[in-house]
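Atoms within each ligand, like the ligands themselves, are counted from 1 in listed order. Because the structure is predicted, anything quoted here is derived from the model rather than measured.
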Amino acid sequence: MENNHYKFNLIPLEYDYNALEPYIDSKTVEIHHNKHLKTYVDNLNNILSNYKEFQQWSLEKLIKDNDLLPICIRQSVINNAGGVYNHNFYFNIMTPNAPLEPAGILREDMLRQFNSFEEFKSQFKQAALNQFGSGWAWLVVDSLGKLKIISTKNQDTPLTLDLYPIMLVDVWEHAYYLKYQNRRADYLENWFNIINWQKIEYKYTLYCKK
Ligand code: MN3
């Protein structure tokens, strides 16, 4: 069962480790999920095990309201809760049976703001390429309801920026190094074959209904 507060679980993937081949290799998905993500889950649980008062807080609240946490655990909660949130999100929006482009209202709004899907893709890839060092590229909705592409470093999230995230890609080297080594651009190009647009569209409609 999925827990959105302490004690957090390693959420199983909805697909097999080899399901994203040939775009992401089986070994990378396995290590990424069963080692990297698991470490974030374990670290977060370890930190919170000594702080009963925060054990009912959701992942989102731990990230958003981090200024209410004791200073001695604040940065490690930001890193590890962010690591869990970002990776759960990332694994959730990939699928082996991907439609190659979004549909519905998301597509309409994307075309309105970026002129074409190709232009959106190119800007998103550029943000992911330009993220220096470890981090993430995101498609978010801002407080005016506009789609925006941003990047964050390390395990930072847009949640603290009053932005509503609907899509992200991991550009830490561990997400692609085994197969692509330093070729982040190739990883990104291939990643566009395994995006679960239905899930992203659903997140977008949730935002629109708010
Ligand atoms: Mn990662």
Side-chain angles (χ1 to χ4, degrees), residues 2-4 8-48 58-60 62-64 66 75-96 98 124-140 149-161 163 165-196 199-200 203:
E2 190 172 321
N3 245 355
N4 199 31
F8 292 97
N9 303 325
L10 179 67
I11 300 174
L13 299 185
E14 292 176 3
Y15 41 81
D16 294 333
Y17 286 138
N18 65 4
L20 305 178
E21 299 258 11
Y23 309 111
I24 304 183
D25 61 287
S26 178
K27 197 79 197 155
T28 295
V29 178
E30 181 180 354
I31 295 172
H32 203 173
H33 179 259
N34 204 31
K35 302 273 191 251
H36 288 273
L37 173 52
K38 185 171 186 301
T39 301
Y40 287 116
V41 171
D42 291 346
N43 287 346
L44 183 59
N45 284 332
N46 282 337
I47 299 163
L48 294 175
S58 70
L59 202 49
E60 288 81 359
L62 288 165
I63 294 167
K64 274 188 185 174
N66 68 71
Q75 191 58 47
S76 42
V77 169
I78 291 171
N79 293 344
N80 290 289
V84 175
Y85 177 86
N86 292 346
H87 284 97
N88 284 344
F89 198 148
Y90 172 72
F91 286 121
N92 185 250
I93 60 151
M94 294 191 287
T95 174
F124 188 85
K125 276 171 59 184
Q126 207 51 51
L129 272 176
N130 289 349
Q131 171 54 39
F132 181 76
S134 297
W136 301 79
W138 303 79
L139 178 62
V140 300
I149 295 168
I150 65 159
S151 62
T152 60
K153 65 176 169 48
N154 300 326
Q155 296 300 355
D156 290 353
T157 82
L159 296 177
T160 48
L161 305 170
L163 296 168
I166 60 170
M167 169 181 176
L168 82 175
V169 67
D170 193 340
V171 292
W172 286 58
E173 279 187 344
H174 65 237
Y176 59 88
Y177 200 85
L178 284 182
K179 183 177 172 76
Y180 297 97
Q181 292 83 48
N182 62 331
R183 302 187 310 276
R184 188 188 282 188
D186 292 352
Y187 155 68
L188 291 167
E189 181 61 34
N190 278 341
W191 186 75
F192 267 80
N193 291 295
I194 45 171
I195 300 174
N196 193 332
K199 289 240 173 94
I200 296 164
K203 285 177 197 291

Residues, nucleotides or ligands: over 12 heavy atoms within 6.0 Å of Glu14 CD: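 It does not: Glu14 CD has 12 such atoms or fewer within range.
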Salt bridge (Lys or Arg N to Asp or Glu O under 4.0 Å) against Lys153, all qualifying residues, sequence neighbours excluded: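 Only Asp156 meet the salt bridge (Lys or Arg N to Asp or Glu O under 4.0 Å) criterion with Lys153.
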Excluding sequence neighbours, so at least two apart, what forms salt bridge (Lys or Arg N to Asp or Glu O under 4.0 Å) with Lys38?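 For Lys38 the salt bridge (Lys or Arg N to Asp or Glu O under 4.0 Å) partners, ignoring immediate neighbours, are Asp42.
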Is there side-chain contact between Asn43 and Asn79, with at least one heavy-atom pair below 4.5 Å?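 Side-chain contact under 4.5 Å: no.
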Mind checking whether Ile150 and Leu161 have side chains closer than 4.5 Å, heavy atoms only?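 Touching, per the 4.5 Å side-chain cut-off.
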Residues in ring pair (Phe, Tyr, Trp, His ring centres under 6.0 Å) contact with Phe91, at least two apart in sequence or another chain: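 For Phe91, the residues satisfying ring pair (Phe, Tyr, Trp, His ring centres under 6.0 Å) (neighbours in sequence not counted) are His32, His33.
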List-wise, which protein N, O or S atoms are found short of 2.8 Å from the Mn ion (ligand 1)?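 The answer is His32 NE2, His87 NE2, Asp170 OD2, His174 NE2.
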